[in-house]
There are 2 protein chains.
Amino acid sequence: MTPSHMHVPADCRTVTELLSRVGDKWSVQVVVQLGEGTKRFNELRRDVGGISQRMLTLTLRGLERDGLVTRTIYPTIPPRVEYRLTELGCSLLKTVRALGSWVIENRQQIMEARRRFDEAAGLVSRSDAA
Amino acid sequence: MTPSHMHVPADCRTVTELLSRVGDKWSVQVVVQLGEGTKRFNELRRDVGGISQRMLTLTLRGLERDGLVTRTIYPTIPPRVEYRLTELGCSLLKTVRALGSWVIENRQQIMEARRRFDEAAGLVSRSDAA
DNA sequence: CCGCATCCATTTTGATACTG
DNA sequence: CAGTATCAAAATGGATGCGG
């Protein structure tokens, strides 16, 4: 897929739309956590950290809708619901991990660039304000 | 919050934060477009399609901040500003393309899963309502 | 031509309370 | 324990007008 061939509008829109799903704040973390194996709702909630009940529910629904996660309900008391990556979800996990690796490898550079940028912006603001 | 004694969690947060940057709606498209070479502001705006001036500005600034894009200003009249991927940006482009490839390869499955899910939800709603 | 600032509508998110 | 409903807060996106 060379960039010269990337000018098909419909494909671009689809890709963007799906990247939004995959790239959103919580989906990635949930997928990664599920990469460790089957997990329950509150287990997931604990492991992801910082996610609200509501968001976890929505995220899981979205992933389930896209066929990346399966939801198994055991009608016991108390109720028990287990989430698990599908085959598709597992294949996505690999790609997500690749992206994660890139971030980890380059995070130092990014952080530094960010620091430098903010510093420069701060200088501009100061001279501008004064 | 220095990750001196907390190894994994801090990394996860960083990764997530950076994934948010990379995964947002416009950044991906802008990076892909810049993968074709140096571009000017309005050129970029045209090629991305559907992006507002504001969003393009914000997206470019974000990418610049993270050291993924360089902004070169030619103080001519009229002004001329060129954007270009840095080395870091180019390496990201590869990973982004990999993710894009995954989406393209599996988009049929996702769409089908989505359709099935929505259909099932529709049935539930209907029987529930009726 | 580039792009920033402001206002406004839409969307997203989080906290809380309640049900099975 | 798992999940829904509701409301308020916040982030986001778009349109417009101004300034370099």
Side-chain angles (χ1 to χ4, degrees), chain A residues 13 16-17 19-30 33-34 38-65 69-84 117-118 120-122 124-125 127-129, chain B residues 13 16-30 33-34 38-65 69-84 117 120-121 124-125 128-129:
Chain A
R13 285 188 58 250
T16 298
E17 183 194 341
L19 280 180
S20 298
R21 148 131 315 296
V22 165
D24 98 272
K25 190 177 175 185
W26 301 117
S27 293
V28 174
Q29 292 192 72
V30 169
Q33 286 302 325
L34 250 32
T38 300
K39 295 206 180 187
R40 299 180 57 177
F41 187 87
N42 280 333
E43 199 178 352
L44 219 36
R45 190 180 171 190
R46 233 179 307 112
D47 293 344
V48 169
I51 190 172
S52 65
Q53 208 169 23
R54 180 185 137 91
M55 277 304 111
L56 182 53
T57 300
L58 290 180
T59 301
L60 285 169
R61 285 277 182 286
L63 293 172
E64 190 192 355
R65 183 166 105 103
V69 162
T70 58
R71 176 158 158 266
T72 311
I73 308 173
Y74 299 91
T76 60
I77 295 181
R80 180 187 181 87
V81 182
E82 289 188 345
Y83 293 92
R84 180 182 180 180
F117 185 91
D118 290 347
V124 170
S125 286
S127 65
D128 197 22
Chain B
R13 286 190 62 251
T16 299
E17 183 193 341
L18 293 178
L19 281 179
S20 298
R21 145 132 316 297
V22 167
D24 96 274
K25 191 177 175 184
W26 301 117
S27 293
V28 174
Q29 293 190 69
V30 169
Q33 287 302 326
L34 285 176
T38 300
K39 295 206 179 190
R40 299 183 56 180
F41 188 87
N42 280 334
E43 198 179 353
L44 218 36
R45 190 179 173 189
R46 227 181 314 108
D47 294 343
V48 169
I51 191 172
S52 67
Q53 197 176 30
R54 178 189 145 91
M55 279 304 113
L56 182 53
T57 299
L58 290 180
T59 301
L60 285 169
R61 265 214 297 187
L63 293 173
E64 190 192 354
R65 184 166 106 102
V69 163
T70 58
R71 177 157 157 265
T72 311
I73 308 173
Y74 298 90
T76 60
I77 297 183
R80 179 188 181 86
V81 182
E82 288 187 344
Y83 294 91
R84 179 183 181 178
F117 185 91
V124 170
S125 288
D128 197 23

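Atom set for the values below is all heavy atoms of this structure, side chains included, hydrogens, waters and symmetry mates excluded.
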* Asked: Touch check for B/Arg71, heavy atoms < 4.0 angstrom, all strands: base, sugar-phosphate only, or nothing?
  -> sugar-phosphate
* Asked: Should A/Tyr83 be listed as having a side-chain N or O under 4.0 Å from OP1 or OP2 of D/dC1?
  -> no
* Spacing of A/Lys39 atom NZ relative to D/dA2 atom C1', expressed in whole Å -> 17 Å
* Asked: Under the salt bridge (Lys or Arg N to Asp or Glu O under 4.0 Å) test, which residues partner B/Arg84, sequence neighbours left out?
  -> none
* To do: Examine D/dT4: is either OP1 or OP2 under 4.0 Å from a nitrogen or oxygen in the side chain of A/Arg61? Give yes or no.
  => yes
* Asked: Within this structure, what is the CZ-to-P distance between A/Phe41 and D/dC1, rounded to whole angstrom?
  -> 11 Å
* Quick one: B/Arg46 CZ to C/dC1 C1', roughly how many Å, whole number? -> 12 Å
* Residues in salt bridge (Lys or Arg N to Asp or Glu O under 4.0 Å) with B/Arg65, at least two apart? -> A/Asp118
* To do: Please assess B/Arg54 against B/Thr57 for the test side chain to side chain contact (heavy atoms under 4.5 Å, CB included), listing each intermediate value before the final yes or no.
  => CA-CA 5 Å; B/Arg54 178 189 145 91; B/Thr57 299; 5.8 Å; no
* Asked: Rounded to the nearest Å, what distance is computed from the CZ atom of residue B/Arg40 to the C1' atom of nucleotide C/dC2?
  -> 9 Å
* For B/Glu82 and C/dG3, give me the distance from atom CD to atom C1', rounded to whole Å. => 16 Å
* **Interatomic distance, A/Leu56 CG vs C/dG14 C1' [rounded to whole Å]** => 14 Å
* When the distance from CG of A/Leu58 to P of C/dT13 is rounded to whole Å, what number comes out? -> 8 Å
* From the options A/Val48, A/Leu63, A/Leu56, select the one residue that forms a side chain to side chain contact (heavy atoms under 4.5 Å, CB included) with A/Trp26. => A/Val48
* To do: Summarise protein proximity over nucleotides 14-20 of chain D in one line of letters, 5' to 3': B for base, S for sugar-phosphate only, - for none, counting protein heavy atoms closer than 4.0 Å.
  => BB----B
* A/Glu43 side-chain N/O to A/Arg40 backbone N/O, donor-acceptor pair under 3.5 Å -> yes
* **Value in whole Å for how far the C1' atom of D/dG3 lies from CD1 of A/Ile73** => 10 Å
* Could you please spell out the steps behind the side chain to side chain contact (heavy atoms under 4.5 Å, CB included) verdict for B/Leu34 and B/Lys39? => CA-CA 7 Å; B/Leu34 285 176; B/Lys39 295 206 179 190; 4.0 Å; yes
* Asked: Would you say B/Arg71 and B/Glu82 make side-chain contact, with heavy atoms under 4.5 Å?
  -> no
